[in-house]
Visitor: 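Right, I'll just put the structure down here and ask away after.
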There are 2 protein chains.
Amino acid sequence: MASSELAVARIAAFGELGVKDLASLEQMAAPVRQLGRGKTIRHEGDPEPKMYLLLSGWTESSMLLPSGERQSIKVHLPGDLLGMPGLAMRYAPDTIRALTEVQVTTIEPRYIGGLFKTNPRIAAMLFLVSQEERVFLMDRLASVGRTGSLNRIAALIAQLSIRIGRQDRKPADSYFAPLTQSQIGDMTGMTAIHVNRTLHKLELANICIWRNRTVTIIDRIRLQELAGFPSRELAVDHSWLCDAC
Amino acid sequence: MASSELAVARIAAFGELGVKDLASLEQMAAPVRQLGRGKTIRHEGDPEPKMYLLLSGWTESSMLLPSGERQSIKVHLPGDLLGMPGLAMRYAPDTIRALTEVQVTTIEPRYIGGLFKTNPRIAAMLFLVSQEERVFLMDRLASVGRTGSLNRIAALIAQLSIRIGRQDRKPADSYFAPLTQSQIGDMTGMTAIHVNRTLHKLELANICIWRNRTVTIIDRIRLQELAGFPSRELAVDHSWLCDAC
DNA sequence: CGACTTCTTGAGGAGACTCAAGGGTGGTGG
DNA sequence: CCACCACCCTTGAGTCTCCTCAAGAAGTCG
């Protein structure tokens, strides 16, 4: 798999990967699947949920409420592992959809199990990625639970800027974001209409512009102020991990 | 540590524990710490976050927003592992406080690392518990993001009923819940005042009563309807895990 | 070019928040 | 043992954010 360097980006944040590690990872990857925008990778409620590795494009994980409304849990960027939370469940908790043309590979749960025996180092890294995701969800929960519309949208924009700019080691000041206003609403827990008005407010205040699927950040300071989430730093000292492997 | 049977309840949900497994777990437990209600176990922002095992009592994990408001992430019951998400971070993302008199033991991260080498089975179970927690957070996010006050409070009450009744294998119809209305507000993303009014509505509608730190569920059907979250079932087929160990 | 999705704008209403004040309860110290 | 204090609960009135309903414009894809 040629894109393996890209694909392990998330894991590699927690340590250097050796030859053996890369081999472990490549072995898991099933043939690449290609899907068009709007296609569903797996449905909420499907039995025996699997994991997926996103090679290119954007996907979104979301849950349906009895009222018929959707809550988007997270958008995924290339290199992200999709569907991990489902491993603990009998039925898939979330729906995973392609937001753009995407390439994904399926990862069978048994490979993950095998990893714990054959390559504890990688297993521990997967564990750490899971903890990182938990913190991400905690931040989202705080944002959606306790802040207003301007703050939530600002938080979304700032967060995406950081995630997209991760490869370059600095936040992206302008980036492509293939989300409709309705989808932004699903992510932030607001109406598409209110998203529209809020985006206009942000633009009017000269903070940022989101138009034509493109985000441009004008005033990062004030954006960050509005967003109001702390800039998280990953743990640097992995001696406790390395002792083990 | 005499309470280890209790303490590992969460992990045991994913598989039987052998003698070796129990030994692995006991070895990690540092001396027991006892703290009074309101005492802080660790602060948001503290460097080198550790993990804790809750032996008795209730604790709460929460995050502070720039506005000064608090968002409660989760309340913990005996047997829960506290602070796991922080393992991936340089600074603790959340504050952990005692809601009642509690007993906790600290778990050094290096023991977790060691687990991945010496007892991959337990490591995998910790991994699964983490995924379960992610699903829990996803459900919370959907609840807070897209539903009204009645639904949120109903969801909280129903969820606690399930968690507390887990040992008895059926939801508890009446239980002790040491949360003030202000804390309920922090959990559900609403004002203490509005919590008060909403609780009265639930009582007036003959659905449930929350008074004097005691919850009594009168009409579980309608409570569940209001709560509106799916009843999650943990994965039963762990062949993919057992293959490894 | 036509059908569909997405975006935009307006008007009105509902739910949740703020501010304010009073009453209950439990714990502590004199 | 009682008085006090801190915390918690309760209720009312007014305000604001965000939602709903509605309709039209703009963009996109076949």
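Letters A, B, ... mirror the listed sequences (proteins, then strands); counts begin at 1. Remember, predicted model here, so these are calculated numbers, not experimental data.
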Visitor: Reading DNA chain C 5' to 3', which nucleotide is the first, and which the last, to come under 4.0 Å of any heavy atom in chain A?
Guide: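 In short, chain A contacts DNA chain C from C:dT6 to C:dA11.
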Visitor: Which one of A:Glu101, A:Gln34, A:Gln103 satisfies the side-chain hydrogen bond (donor to acceptor under 3.5 Å, both in side chains) criterion with A:Ser56?
Guide: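 When side-chain hydrogen bond (donor to acceptor under 3.5 Å, both in side chains) is applied between A:Ser56 and each of A:Glu101, A:Gln34, A:Gln103, only A:Gln103 qualifies.
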Visitor: Do B:Leu141 and B:Arg146 have side chains that get closer than 4.5 Å, going by heavy atoms?
Guide: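 The answer is no, as the side chains (C-beta and beyond) never meet within the 4.5 Å cut-off.
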Visitor: Going by atom type alone, with no hydrogens or angles, which donor-acceptor pairs under 3.5 Å involve a side-chain atom of residues 200-211 of chain A and a protein atom two or more places apart or on another chain?
Guide:
residue	atom	partner	partner atom	Å
A:His200	NE2	A:Asn196	OD1	3.4
A:Glu203	OE2	A:Arg211	NH2	2.2

Visitor: Of all the heavy-atom pairs spanning B:Pro78 and B:Leu55, show the shortest one and how long it is.
Guide: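 Smallest heavy-atom distance, with atoms named: CB-O, 3.6 Å.
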Visitor: Please identify each residue that fulfils side-chain contact (heavy atoms from CB on, under 4.5 Å) with A:Asp173, with sequence neighbours left out.
Guide: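 For A:Asp173, the residues satisfying side-chain contact (heavy atoms from CB on, under 4.5 Å) (neighbours in sequence not counted) are A:Arg220.
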Visitor: Can you sort out which residues in residues 142-150 of chain A have a heavy atom within less than 4.0 Å of DNA chain D? Ascending by number, please.
Guide: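 Residues of residues 142-150 of chain A under 4.0 Å from DNA chain D: A:Gly148, A:Ser149.
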Visitor: Hey, can you pull the residues of residues 174-186 of chain B with a non-hydrogen atom under 4.0 angstrom from DNA chain D?
Guide: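 Of all residues in residues 174-186 of chain B, the ones placing a heavy atom under 4.0 Å from DNA chain D are B:Thr180, B:Gln181.
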Visitor: Counting any heavy atom closer than 4.0 Å, what does B:Arg152 reach on the DNA or RNA strands: base, sugar-phosphate only, or nothing?
Guide: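 No contact.
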Visitor: So, for A:Pro93 and A:Met63, which heavy atoms are closest and what is the spacing to 0.1 Å?
Guide: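 Heavy atoms only, the tightest pair is O-CG, 3.5 Å.
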Visitor: Take the C1' atoms of the five end pairs on each side of the helix from C:dC1-D:dG30 to C:dG22-D:dC9, get both axes, and report the angle to 10 degrees.
Guide: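 For the helix from C:dC1-D:dG30 to C:dG22-D:dC9, the axes at opposite ends meet at about 50°.
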Visitor: Taking side-chain contact (heavy atoms from CB on, under 4.5 Å) as the definition, give me every residue that meets it alongside A:Thr214, ordered by chain and number, with sequence neighbours left out.
Guide: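 side-chain contact (heavy atoms from CB on, under 4.5 Å) check on A:Thr214 returns A:Ser174, A:Thr216.
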Visitor: To the nearest 0.5 Å, how far apart are CD in A:Gln159 and CG in A:Leu156?
Guide: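 One finds 8.5 Å between CD of A:Gln159 and CG of A:Leu156.
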Visitor: According to side-chain contact (heavy atoms from CB on, under 4.5 Å), who are the partners of B:Pro49, at least two apart in sequence or on a separate chain?
Guide: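 Testing B:Pro49 for side-chain contact (heavy atoms from CB on, under 4.5 Å), a comparison that skips the adjacent residues, returns B:Arg42, B:Ala92.
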Visitor: For B:Thr59, what residues pass the side-chain hydrogen bond (donor to acceptor under 3.5 Å, both in side chains) criterion, not counting sequence neighbours?
Guide: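 side-chain hydrogen bond (donor to acceptor under 3.5 Å, both in side chains) list for B:Thr59, sorted by chain: empty.
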Visitor: Over all heavy atoms of both residues, which pair between B:Arg33 and B:Thr106 is shortest? Give the atoms and the distance, please.
Guide: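 Heavy atoms of B:Arg33 and B:Thr106 come nearest at NH2-OG1, 4.1 Å.
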Visitor: May I ask you to establish whether B:Arg213 and B:Tyr175 are in a cation-pi arrangement, using a distance under 6.0 Å from NZ or CZ to the six-membered ring centre and at most 45° from the ring axis?
Guide: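 Negative - B:Arg213 is either too far from the ring of B:Tyr175 or too far off its axis.
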Visitor: State, to 0.1 Å, how close A:Arg37 and A:Thr180 come at their nearest heavy-atom pair, and which atoms those are.
Guide: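 That closest heavy-atom pairing would be NH2-CG2, 4.1 Å.
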Visitor: Identify whether the distance between the nearest side-chain nitrogen and carboxylate oxygen of A:Arg90 and A:Glu48 falls below 4.0 Å.
Guide: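 No, this pair does not count.
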Visitor: Earliest and latest nucleotide of DNA chain D, 5' to 3', sitting under 4.0 Å from a non-hydrogen atom of chain B?
Guide: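 Answer, 5' to 3': D:dC8 to D:dA13.
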Visitor: Could you list by number each residue of residues 188-201 of chain A showing a heavy-atom separation from DNA chain D of less than 4.0 Å, or answer none if no residue does?
Guide: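 A:Gly189, A:Met190, A:Thr191, A:Ile193, A:His194, A:Arg197, in order of number.
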Visitor: Answer yes when B:Arg70 and B:Glu60 have at least one side-chain N-carboxylate O distance shorter than 4.0 Å, and no when they do not.
Guide: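 Result for this pair is yes, salt bridge flagged.
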Visitor: Only counting residues at least two apart or in another chain, list the ones meeting side-chain contact (heavy atoms from CB on, under 4.5 Å) with A:Ala98.
Guide: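 Per chain and number, A:Ala98 pairs via side-chain contact (heavy atoms from CB on, under 4.5 Å) with A:Val102.
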Visitor: Between B:Glu133 and B:Lys74, does a salt bridge (charged side-chain N to carboxylate O under 4.0 Å, His left out) hold up when you go through it step by step?
Guide: CA-CA 10 Å; B:Glu133 291 297 329; B:Lys74 175 165 193 172; 2.7 Å; yes
Visitor: Look at all strands and tell whether B:Arg213 reaches a base, only sugar-phosphate, or nothing, counting heavy atoms closer than 4.0 Å.
Guide: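 Here B:Arg213 touches the backbone only, sparing every base.
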